[in-house]
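Everything below concerns the one structure shown next.
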Amino acid sequence: MTDAGKAQAGSVRVRFAPSPTGYLHVGGARTALFNWLFARKERGAMILRIEDTDAERNKPELLTGILEGLKWLGVDWDEGPYYQSERTELYQAAGKKLLANGSAFLCYCPPEKYVGGDHAEEGGEGTKVRRIVRCSCRDGKPSTPGTKPAVRFKVPVGGTTKFFDAVFGEREFSNEEIEDFVLLRSGKDGEEFGQAMYQMSVVADDIDMRITHVIRGADHISNTPKQVLLYRSLGAEPPIFAHVPLILGPDKSRLSKRHGATDVNMYKREGFLPEAFRNFLALLGWSPGGDEEFLRTSQLLEKFSLQGVSRTNGVFDRAKLEWFNTQYLQKLPIGDLLPEVEAQLKEDGLWKEEWAAGAGHGWFLKTVDLLRPRIRLLPDFSSWSRAFFSDEFAIDPAAKAKFWKDEKVPGLLAKLADALAALPEWNHDACDHAARKVAEEGGVKAGLLINATRVAIVGQAVAPPLFDTMVALGQERVVGRLRDALTEWK
RNA sequence: GCCGCUAUGGUGCAACGGUUAGCACGUAGCCCUUUCAAGGCUAAAAUACGGGUUCGAUUCCCGUUAGCGGUACCA
């Protein structure tokens, strides 16, 4: 037994096992999340295992992104990452054990003989047909001199293989449907056998790591009987399986790049809050049973159960994800939001150290709180709200066209600037009274002046309520910006 | 083709034999209003189809259809 197997005995042990052949797909992310929630809920262990046995397709550099995505999601682990590429002896030993106890056999057939393909004669044009289920080598006879054998599992003839799935219930497959699958590839050059195949390595690892619950995508359901057969032949008890339904695109086909972003790091970059994303993802294919759906991480942890996992594939609905994000932007304790905003402003070069502590921090907190009801994504803090954090901002032509079209506007703004400059106290009500007075004296509705002023001081048609905005910006900047705005008419 | 899984409004989920089939997103309208959001209210919108079982089916069984998954010396 390796190090992996020695840790805490008894309790629940789950694993997330990505393979570095791509980025962290939202489907994989959800599988990781469910494993993590289950492990934490059950006070068990979460193990991270990298399934990199396919040297051909494996790209080590992709692992960084996968780990980054997991970190962003808040999925951590107690053991690992273990790399299957470093555990090949374990799989070789398992394969040889099966060979020795008669559960497997040496196969000398050329690989092409087995590869399924288009077989027009049997099923009609372009139909895929499986060519071979039982290999003729299984009874030990034919050895082709000079060729290196692969190790195949000797699937029982007749009978069925059953397993328990916490989501789908008791399952039973006919062994006649299971082909004599490869355990160890045929060896190259000096080696006896080549790299282990997926079925061999997962089972060997899951036994060695004493995994109690295998939570993974439903695309593995039909692999499961093969694995159960391996557990038995290796003298081990199979774990409890829990297959999670797949995530689909809007057209109900399996979610892929052509549906838009499928890499979780894309959502990170777009500026979604990790907790919002997590909440959304948790509810795609799982439900606590009732109507609640705004569930913070602590509540997810409290309510998660495999019984609540759905059996139907679900469509990834970006609109709902965005809704969750705006909800979190508004409802999160401000203290939880501030670090996210700070990171965003830093990234966009707008951050000022004075906001880190003291009075500056107080201002920062109040300003973020003022802005957040209107924010959709984190980067909006530095784009849409730029005028709050920087004096360099542009005046939106469309806003100008909409709210500066009355020719009284320049005169009104000039008077307002003077009135505001004269205020001894700078607060919401003082600004409010001053503005309404200017509007009244100018013979216009307050709204006309208010809207025009908003454009002048933040450059946009949309912003938080004007007098709150004025307080946030401060007297000096507001007056200055009003006067600067007048130059727009010259 | 074969094997398997699934089937509640456009979408995500509730209802685990008895409800006027509930909630949320989205959509439409109204209210609020200082812009835009948010918020409040209202509306349209579903048990895929056909057979059973049952006093009674969204719920249990069978079939059909559809979607998805698998069918590799990929994972």
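Distance, A:Phe173 CZ to B:C3 P: 12 Å, rounded to whole Å. Rounding to whole angstrom units, CZ of residue A:Arg216 and C1' of B:C5 are separated by 15 Å. Between the CG atom of A:Asp219 and the P atom of B:U6 there is a distance of 15 Å, given to the nearest Å. In this structure, A:Phe241 places its CZ atom 21 Å from P of B:G69, rounding to the nearest Å. We find that NE2 of A:His220 is positioned 15 Å from C1' of B:G4, with the value rounded to whole Å.
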For nucleotides 26-50 of chain B, just jot down a letter per nucleotide in 5' to 3' order: B, S or -, based on protein non-hydrogen atoms under 4.0 Å.
--------BBBBSS-----------

List, one per line, each side-chain donor-acceptor pair under 3.5 Å for residues 312-322 of chain A, sequence neighbours excluded.
from	atom 1	to	atom 2	distance (Å)
A:Thr312	OG1	A:Ser310	OG	3.2
A:Asp317	OD1	A:Ala319	N	3.2
A:Arg318	NE	A:Glu322	OE2	2.8
A:Arg318	NH1	A:Glu270	OE1	3.4
A:Arg318	NH1	A:Glu270	OE2	3.2
A:Arg318	NH2	A:Glu270	OE1	2.6
A:Arg318	NH2	A:Glu322	OE2	3.2
A:Lys320	NZ	A:Glu293	OE1	3.0
A:Glu322	OE1	A:Arg376	NH2	3.4

Side-chain donor/acceptor pairs under 3.5 Å, residues 451-466 of chain A, sequence neighbours excluded:
from	atom 1	to	atom 2	distance (Å)
A:Asn451	OD1	A:Arg454	NH1	2.9
A:Asn451	ND2	A:Gly447	O	3.2
A:Thr453	OG1	A:Leu449	O	2.6
A:Gln460	NE2	A:Trp384	O	3.0
A:Gln460	NE2	A:Val462	O	3.0

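Judged as a side-chain hydrogen bond (donor to acceptor under 3.5 Å, both in side chains), and not counting sequence neighbours, the contacts of A:Lys226 are A:Glu179. The side-chain hydrogen bond (donor to acceptor under 3.5 Å, both in side chains) search around A:Asn325 returns none, not counting sequence neighbours. The side-chain hydrogen bond (donor to acceptor under 3.5 Å, both in side chains) test applied to A:Arg311 returns no partner, not counting sequence neighbours. Residues passing the ring-ring contact (aromatic ring centres under 6.0 Å, His included) test with A:Phe38, sequence neighbours excluded: A:His213. Remark: A:Glu89 pairs with no residue by the side-chain hydrogen bond (donor to acceptor under 3.5 Å, both in side chains) rule, at least two apart or across chains. Considering only residues two or more places apart in sequence or on other chains, A:His259 meets the ring-ring contact (aromatic ring centres under 6.0 Å, His included) condition with none of them.
If you check every strand for non-hydrogen atoms under 4.0 Å, A:Gly194 touches nothing. A:His243 comes within 4.0 angstrom of nothing in the nucleic acid, heavy atoms only. Across all strands shown, A:Gln460 has no heavy atoms under 4.0 Å from either base or sugar-phosphate atoms. In this structure, A:Thr21 reaches neither bases nor backbone, as no heavy-atom distance under 4.0 Å exists between it and the strands shown. Looking at heavy-atom distances under 4.0 Å, A:Gly217 makes no contact with the nucleic acid at all.
Scanning atom types as modelled, one donor and one acceptor separated by under 3.5 angstrom connect the side chain of A:Ser186 and the base of B:C73. Looking at A:Asp291, its side chain comes within 3.5 Å of the base of B:G22 through a donor and an acceptor atom. The base of B:A75 is not paired with the side chain of A:Asp52 by any donor and acceptor separated by under 3.5 Å.
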Can you name the atoms? Protein N/O to nucleotides 57-68 of chain B N/O, anything below 3.5 Å, with the distance.
from	atom 1	to	atom 2	distance (Å)
B:C68	O2'	A:Asn313	OD1	3.1

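Remark: the separation of the P atoms in B:A48 and B:G40 is 31 Å, to the nearest Å.
The nearest heavy atom of RNA chain B to A:Lys226 and to A:Ser310 marks one nucleotide each, and the one closer to the 5' end goes with A:Ser310.
Phosphate proximity of B:A75 to A:Arg185: present, with a side-chain N or O under 4.0 Å from OP1 or OP2. A close approach under 4.0 Å does occur between a side-chain nitrogen or oxygen of A:Ser287 and OP1 or OP2 of B:A14.
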Check step by step if ring-ring contact (aromatic ring centres under 6.0 Å, His included) holds for A:Phe34 and A:Phe304.
CA-CA 8 Å; A:Phe34 282 10; A:Phe304 188 80; 5.2 Å; yes

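Contacts classified as salt bridge (Lys or Arg N to Asp or Glu O under 4.0 Å) and involving residues 187-197 of chain A (residues at least two apart or in different chains) are given here: A:Lys96-A:Glu192.
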Taking Watson-Crick and G-U wobble pairs with both distances under 3.5 Å, convert RNA chain B into its dot-bracket string, 5' to 3', dots for unpaired and | for cross-strand pairs.
(((((((..((((....[...)))).(((((.......)))))....(((((..]....))))))))))))....

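Among B:U11, B:U6, B:A72, the nucleotide with an atom closest to any side-chain atom of A:Val315 is B:U11.
Salt bridge annotation for A:Asp205-A:Arg15: absent, with no cationic side-chain nitrogen under 4.0 angstrom from a carboxylate oxygen. Under 4.0 Å is where a charged nitrogen must lie from a carboxylate oxygen, and between A:Lys402 and A:Asp396 no such pair does.
Between the side chains of A:Thr297 and A:Arg278, a donor-acceptor pair is found at a separation under 3.5 Å.
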